[in-house]
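Hydrogens, waters and symmetry mates play no part in the numbers below; they use all other heavy atoms, side chains included. Letters go in sequence order (proteins before strands), and every chain restarts at 1.
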Amino acid sequence: MVKVLLWGSLRQATGGLAEVEVEAANFKQLLDRLAVEYPGLKPQIARGISLSLDGVIYREAWFTEIGPDSEVVLMPYMTGG
Amino acid sequence: MSLDEYRKREFKQVGTRVRRPDGVDKVTGRAMYGADATAPGMLWGRILRSPHAHARIRSIDVSAALALKGVKAVVTAEDFGVPEDDFTRDVQDNCMARGRALYDGHAVAAVAAVDQATARAALKLIKVDYEILPHVTDVDAAMQPGAPVVQEGRVQENVPKGFSDNVTAHFEFGHGDLDAGFAKADKIVERSFKTAATHQGYIEPHACLASVTSDGKADLWCCTQGHFYVRTLCAGILGMEASQLRVTASEIGGGFGGKTTVFIEPVALMLSKKAGRPVKLVMSRDEVFRATGPTVSSSSDIKIGMTKDGRITAAEATLRYQGGAFPCGTTEFGTQAAFAAYDLDAVRTYGWSVMTNRPKEAAYRAPGAPVAIYAVESVVDELCQHFGLDPLDVRLKNAARKGTKSSYGPTFPDIGLVATLEAARAHPHYKAPLGPNQGRGLSCGFWFNFGGNTCVSLNVNTDGTVGITEGNPDIGGSRASISLMAAEELGIPYDNIRTIVADTSSLGYNDVTDGSRVTFAVGLATIKAARDAVRKMCARAAKIWGIDEEAVQWKDGAAVPAGPNAGKFPPMTLAEIAAVSAETGGPIAGHYEVNADGAGVSFGVHLCDVEVDRETGATKVLRYTVFQDAGKAVHPDYVEGQMQGGAVQGIGWALNEEYIYGEDGRLQNPTFLDYRVPVASDLPMIETVILEIPNPGHPYGVRGVGETGIVPPLAALSNAVSHAIGLRMSELPMSPPRILKALGGS
């Protein structure tokens, strides 16, 4: 199980939980499981989510491996100027 | 992908200040910009724009325009379909109003004619029947229930009930117990701030040439930060296959984020499709101001608690951004970035995205971060002032560092903030004496940076030179940096390499030149492409020598036998291997494709001294120093240029630049005469101090530098002016009238 930290305004989709646990070995599985277990997250997943894994930001990269002790933080999809 | 581990090495070419490859073309006028493109039989396009801030378009009568001799095509929204996805539909609707004009300057029709005079005359013959609607241009007014609604049905699921439909999104970040944190504070400062919208201010207006043939193929030449993305957007809007639309990027006269989308390109393509001839569209400066860019304008409330010895106990920010007539896309980044420089036990930021009757916002260096950090750094400075504490000491005491849980969630790996703060404290500027009416300000800055989709080909020519094909318009010296990294890796002179920006049919997809990504990501791909070519050249040498490939290594630009058992052969240089490439297996090339991650966040610190004229309210910048972590400065001239350019744009944002709207909702100052950007005579030499704390995610330690530099100037200037006049300023720009008003009120 992977612990996933959500930003504050996503917590309305998780019953107020700031952190949830899902079974996932990579970023794609993580997003798929979150969409299944917390359907309220689907609109944000569709708009785009980036992932911070142990402090390194991944903009997309489905197959980025996630270890069981990794720090996983969801972030809005990253853009720049 | 796995991150590329940085390995310490001695550089031979990276880090030198070599001659820039575009210099001769640019100083002699040979460089081809967007408006320089031409084609046989070319028509001139022009766009009719709404004079109203908000109006329903009852009808558009183009018959008189079409009847004018020399007019070959007229386009309105009816010529385009309706894209299914919101994002593409917004981009299209911003290029050509569908049903309603949403801001002053919104395009409503376009013509193509044999010359510019005929095109202008044709615009006057188009009759648009408008029903004028109520409008709103202020962010706070637009949030109120009962405000004129810019677009219905755009509210995301995360917005609580009770707001106007103009409020499209809400974000919250942070951690810890705010109440407990504020209870520990010896002093709490709460202050509200406002910032005006500013434009990216690039010198070159948007321009393009479109040519659509009767068999459905199209070519587009344009000035853009990302021609592959232009292809994606235009193909989506026009219902074309990507393979049938080739987009070529011109040299670019500045972008700064403002050329990361399309404004005129789909219109030019549609005009060309209807006319059956090439069509050129060039924006005037008035059009650039009214219908492209700008940034958000904002209002914000900041609350920070501090102990008397300078420890921040809790911090809270509410940020309200208006991004024009379409849902704003930068609120989330300002909301995440606001407190990124601090190690805080209790922090919360709230962001609100708001629509108004203004042009659709476009990205601008570190989008969303400058105005958030301006407000936060102003309050930190005020608290330092209250306690009589050194503002650098306080920032060092509270600085985020490795292991800090950031205000937006992740735990920071190695970051360079403390090093930049210590460099600022050690610099002579920090202790230099100040005179009457003078003040010194400082601010931290932060940006995320990213990598992204990148594709590079490296071709070894038979004469021993090398051509590199990459897909990102060069807005900050990337061709020089890419050539330098290839030269380092291959071991050949920089002058033997030429890097070009290829069109969309010549290379795999490349993300836009944004996010401070190009030197990092394209550099990484170039190093990998060079290593691919080196492997192939070692294999050719192995064949020639009759030994195993593994027994050959690359050293100082040549293949050499690896170790005593490989045999004794003289080194074969790149040129020698290339010269016999036809005989040994054919052309030699290296390739690499990646969606790069591991760009690493970036911090900077700015120091500035100002003098305020109390009679006129004018602020003169006396001295300015930028401290920034570049990871590794590949070409220091360009790194310094990025730092200086960001500082200057931020100085303009702080002191003068401002979108001014009248009661009628129309932009009052769409010219460089009335929209005042800093010019050389306004500025001192911007001093720069480059720190090199290697980014572990890049083989050479490179970190993006393009965006962070615009983040600190707003607060650095505001803090300096506040000290100079003895009053805390809380609104940007701090233009002379606003400073005079503040002084008069004191």
So does [Y] get a backbone contact from the side chain of [X], meaning a donor-acceptor N/O pair under 3.5 Å?
{"X": "B:E707", "Y": "A:G81", "value": "yes"}
{"X": "A:E71", "Y": "B:T411", "value": "yes"}
{"X": "A:S9", "Y": "B:E172", "value": "yes"}
{"X": "A:Q44", "Y": "B:E157", "value": "no"}

Practice item. Evaluate whether atom CD of A:E65 has more than 12 neighbouring non-hydrogen atoms of other residues, nucleotides or ligands under 6.0 angstrom away. Key: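 Open.
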
Practice item. Count the heavy atoms of every other residue, nucleotide or ligand shown that sit under 6.0 Å from CG of A:D32, and state whether that count exceeds 12. Key: yes

Got a second to check how far [X]'s [atom1] is from [Y]'s [atom2], nearest 0.5 Å?
{"X": "B:F450", "Y": "A:R59", "atom1": "CZ", "atom2": "CZ", "value": "4.0 Å"}
{"X": "A:M75", "Y": "B:F333", "atom1": "CE", "atom2": "CZ", "value": "8.0 Å"}
{"X": "B:N158", "Y": "A:R47", "atom1": "CG", "atom2": "CZ", "value": "5.5 Å"}
{"X": "A:T64", "Y": "B:D597", "atom1": "OG1", "atom2": "CG", "value": "6.0 Å"}
{"X": "A:L74", "Y": "B:Y408", "atom1": "CG", "atom2": "OH", "value": "14.0 Å"}

Practice item. Under 4.5 Å heavy-atom distance to chain A, tell me which part of B:K405 shows up: side chain, backbone, both or neither. Key: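 Contact with chain A: side chain only.
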
Point to revise | Per-residue contact mode, B:D86 against chain A (heavy atom under 4.5 angstrom) | key: neither

Check your understanding: So which of A:P76, A:S52, A:G40 has the largest heavy-atom pair count under 4.5 angstrom toward chain B?
Key -> A:P76

Counting heavy-atom pairs under 4.5 Å with chain A, which one of [options] comes out on top?
{"options": "B:F173, B:Y364, B:F87, B:F171", "value": "B:F173"}
{"options": "B:P410, B:A363, B:G258", "value": "B:P410"}
{"options": "B:S516, B:G515, B:G255", "value": "B:G515"}
{"options": "B:R365, B:Q336, B:H170", "value": "B:Q336"}

Check your understanding: Any side-chain heavy atom of A:S50 sitting closer than 4.5 Å to one from B:F448?
Key -> no

**Study point:** Heavy-atom side-chain proximity of B:E332 to A:T79 below 4.5 angstrom
**Key:**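 Result no, sub-4.5 Å side-chain heavy-atom pair not found.
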
Exercise for review: Please determine, by modelled atom types, if B:N595 and A:E60 share a side-chain donor-acceptor pair under 3.5 angstrom.
Suggested key: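 A pair is found: one side chain offers a donor N or O, the other an acceptor, under 3.5 Å apart.
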
Exercise for review: Give, as side chain, backbone, both or neither, the part of A:I57 having an atom under 4.5 angstrom from any heavy atom of chain B.
Suggested key: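 When you check distances to chain B, atoms from both the backbone and side chain of A:I57 fall under 4.5 Å.
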
Point to revise | Which portion of A:F27 sits near chain B, non-hydrogen atoms under 4.5 angstrom | key: neither

